[in-house]
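First up is the structure itself, then whatever we jot down about it.
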Amino acid sequence: MDDVKWLNMTIAMATENVARGGGPFACIIVKDGRVVAEGVNGVVPQYDPTAHAEVLAIRRACEQLENHQLDDCVIYTSCEPCPMCFGAIYWARPKRVVFAATKEQAANAGFDDAMIYNAIANKNQGNIPFAHETIPNANHPFIEWINKQDKTEY
């Protein structure tokens, strides 16, 4: 089965990434039976907390396909996506996602996203305070967007 083949590829990439100093995560994006893009976790070597394998692969695939959405693509990832990657995946709108390890397995290795899931579910109950400041022109960018005639919807 192709799913197992692609997942094994992500696992090999993630394992190799650990040896190179990166995190134990990898992702490939497949369309029509061929790899469009791939990514491995680069948070530490790139000094970028958003350099998750899925995010990097999505960026590369969209650039390669010259589209902001991953229509008819399948995302294969070595581990169940974290909340950030989950959001990025939803915005990219792939056909489906297949992952190998679970978020519980990741948590057992020290990659526990429970505090993020809890903060989202409980709004502002996390360890980083968020505050909404009401200002008169806050809605101005949205009004401009609504009125723009030549926009690309997404």
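Everything quoted here is computed from the prediction, not taken from an experiment.
- A single hydrophobic cluster is not seen to contain both V74 and I29; linkage of ILVMFWY side chains at heavy-atom distances under 4.5 Å, directly or through other members, places them apart.
- Dense packing is recorded around CD of Q46, with more than 12 heavy atoms of other residues, nucleotides or ligands lying under 6.0 Å away.
- Counted within 6.0 Å of OH on Y117, heavy atoms from surrounding residues, nucleotides or ligands total more than 12; the atom is thus considered enclosed.
- Residues C82 and I116 are not in side-chain contact: their nearest non-hydrogen atoms beyond the backbone lie 4.5 Å or more apart.
- To the nearest 0.5 Å, atoms CZ (R20) and OG1 (T15) are separated by 11.0 Å.
- Criterion: ILVMFWY side-chain heavy atoms under 4.5 Å apart, direct or through other members. Under it, L7 and V35 are part of a common hydrophobic cluster.
- One N or O on the side chain of K151 and one on the backbone of W145 form a donor-acceptor pair closer than 3.5 Å.
- Atoms NZ and NZ, on K31 and K95 in that order, are 9.0 Å from each other to the nearest 0.5 Å.
- Here the closest heavy-atom approach between residue A57 and residue G39 is recorded as CB-N, 3.8 Å.
- Put simply, the side chain of R93 gets close to the backbone of W91: a donor and an acceptor are under 3.5 Å apart.
- Minimum interatomic distance between C85 and P81 (heavy atoms only, all atoms of both residues): CB-CB, 3.9 Å.
- To the nearest 0.5 angstrom, E54 atom CD is 9.0 Å from L56 atom CG.
- W6 and Y76 have tilted rings, their planes meeting at an angle from 30° to 60° on a 0 to 90° scale.
- Note that CD1 of I120 and CG of D113 are 9.5 Å apart. Values are rounded to the nearest 0.5 Å.
- Using a 4.5 Å heavy-atom cutoff, the side chains of F111 and P24 are in contact.
- Under the 4.5 Å side-chain contact rule for hydrophobic residues, V30 and V97 do not share a cluster.
- Once rounded to the nearest 0.5 Å, the distance linking CD1 of I89 with CE of M84 reads 10.0 Å.
- Contact detail for V43 and H52: the closest heavy-atom pair is CG2-CD2, 3.6 Å.
- Residues I58 and I75 meet the side-chain proximity criterion, which asks for heavy atoms closer than 4.5 Å.
- Using modelled atom types, no side-chain atom of E16 and backbone atom of M13 make a donor-acceptor pair closer than 3.5 Å.
- Nearest heavy-atom pair, R60 versus E38, reported as atom, atom and distance to 0.1 Å: NH1-O, 2.9 Å.
- Put simply, CE on M115 and CG on N118 are 9.5 Å apart, with the number rounded to the nearest 0.5 Å.
- Taking all atoms of both residues into account, the shortest heavy-atom contact from V55 to A88 is CG2-CB, 4.2 Å.
- Both V98 and V40 belong to a common hydrophobic cluster when Ile, Leu, Val, Met, Phe, Trp and Tyr are linked at side-chain heavy-atom distances under 4.5 angstrom.
- Remark: side-chain polar atoms of N17 are paired, donor with acceptor, to backbone N or O of N41 under 3.5 angstrom.
- No donor-acceptor pair under 3.5 Å is formed between the side chain of T77 and the backbone N or O of F99.
- L70 and C62 get closest at one heavy-atom pair: CD2-SG, 3.7 Å.
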